[in-house]
Amino acid sequence: MNSIRARLFVILIATTGLVWLSAVGWIFVSTRAEVERVLDARLSEAGRMVSSLVSSQEIDVQRVAELGGTVLPVPSHIPYDRQLSCQLWSFDGTLVGRSDGAPAAELSTHTAGFSEAQIDGETWRVFAIENEERGIRVLVGDSLRVRDRLVGDVIKGLLFPAALVLPLLAGLIWASVNRGLLPLDRMANDLSGRAAADLKPLPQDGPREIRPVIKALNGLFAKVAGAREHERDFTAFAAHELKTPLAGLKTQAQIALASQDEKVTREALGHIVSGVDRTARLVRQLLAIAALEASEVNGKPETTNIAGALRSLVNDMSHQDTRDVQIRIAANLDGLLVSIGQADFDLAARNILENAIAHSPTGGVVDVTGRSEAGVAVVCIADSGAGMAPEELVRATERFFRGRNKTAIGSGLGLSIAALALERSGGVLKLSNRPTGGLMAEMTLLAGRPS
């Protein structure tokens, strides 16, 4: 059942019906017990009354016997025909007399008290009392069928109005459920009538039960609004950063075409090659950011061997223009494992290494070291450049931020890509200046376990 309204209606109807049936069952049991108690008391009272009439000779036992069992008068106070039956038996087992409707067979063989007996297929509840003075045993009984009819009439009196009230009750429950769900309907109408760009929060003045839903939706709206704002900024920055190198490429191409001087032409072509490299690197970084933000984190943890990944990465980068910058990988990285996917680690390390190479002087050195402490592994990549000012370090991982010591081929995306790639696996990128000069980037990751 996919409808909350229908589900609530069915639950309430079923619950109400169950409560009603339980009440009817309880009333049935209690009424039956009360009816039996009252009728037993009446049997006892009627038996003692007949015994007292015999003792006072208002019922002449001898005359009744002479007349062959004249019918005894037994008063009835409720409209059930032949409700009570009475028999008079002598102590020698002779039927002295009986009331109208009383069976000819002995109602009970008990001498005193209550008992039940089967006579001609009918069950009787009988009260017996002995009159020692007159030598008479008085038996007063009534049929259990009559008692069951009494209880049945009471239950029918309950079920009949229930059958009339139940449809009305169902209508009231349906109207109540509809009214109770009005806030959800209003919220749905508000959302369905909104434009796609309308991300303003919903008012939180609804019922307490739907406030968590409203709060969650408002949180989602805030995240979507932030993502859209971030996307707009990213697009604007990317367009600006791409426009500059493309304009430079066009200018250098025009110079190469217009110049008759071979030296000027070669310089222009060299600038074009550098511009293409910068543009290609920028496009690759933009695609990397887009891929990182679009992809989902794999829930299964992966383990990466740092030394092997770094050596493979350095070998791939050796085919690029590294400006004779040497990359030294420390021996303490051997056997160091981190909990991060190979692709994410390669992306983070490549961008940090490219940044370190770009800011190191020709013939400089980039040192890669590592250490393990308290369940985490720290990989440190340090260059031999000029470093960054303290106020620039806090903004270094912002997209398109470039400090005072920016390079011609930089775009301000490398460190932000590295930080984003590490965050996907719970890692942290920390930047600081080396005491001996240069920038030091520390990648802190959870230590991995051997597979």
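Only this structure's heavy atoms are used, side chains among them; waters, hydrogens and symmetry mates stay out.
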> Considering residues at least two apart in sequence or located in another chain, which fulfil the ring-ring contact (aromatic ring centres under 6.0 Å, His included) criterion with Phe114?
Replying inline: Phe127
> Considering residues at least two apart in sequence or located in another chain, which fulfil the ring-ring contact (aromatic ring centres under 6.0 Å, His included) criterion with Phe345?
Replying inline: none
>> If you define the side chain from C-beta out and look only at heavy atoms, does anything of Leu429 sit under 4.5 Å from Ile352?
In response: yes
> Which residue, Asp334, Ile306, Val368, forms the side-chain contact (heavy atoms from CB on, under 4.5 Å) with Arg311?
Replying inline: Asp334
> Between the main-chain N or O of Gly308 and the side-chain N or O of Ser312, is there a donor-acceptor pair closer than 3.5 Å?
Replying inline: no
> Going by heavy atoms in the side chains, are Val378 and Lys430 under 4.5 Å from each other?
Replying inline: no
> Below 4.5 Å, heavy atoms only, C-beta onward: do Val213 and Met187 meet side chain to side chain?
Replying inline: yes
> Is the closest side-chain donor-acceptor distance between Arg371 and Asn332 under 3.5 Å?
Replying inline: no
> Can you tell me if Thr31 uses its side chain to pair, donor with acceptor, with the backbone of Phe28 under 3.5 Å?
Replying inline: no
> Are more than 12 heavy atoms from other residues, nucleotides or ligands located less than 6.0 Å from atom CG of Asn189?
Replying inline: yes
> Got Val366 and Leu353 here, is their nearest side-chain heavy-atom distance under 4.5 Å?
Replying inline: yes
>> When you measure from the side chain of Ser99 to the backbone of Cys86, do you find a donor-acceptor pair of N or O atoms at a distance under 3.5 Å?
In response: yes
> How about Glu45: does its CD atom have over 12 heavy atoms from other parts shown lying under 6.0 Å from it?
Replying inline: no
> Ion pair present between Arg328 and Asp367, side-chain N to carboxylate O less than 4.0 angstrom?
Replying inline: yes
>> Looking at Glu122 and Arg145, is there a salt bridge between them, counting it only when a charged N and a carboxylate O are closer than 4.0 Å?
In response: yes
> Would you find a donor on one side and an acceptor on the other, under 3.5 Å apart, between the side chain of Asn433 and the backbone of Ala389?
Replying inline: no
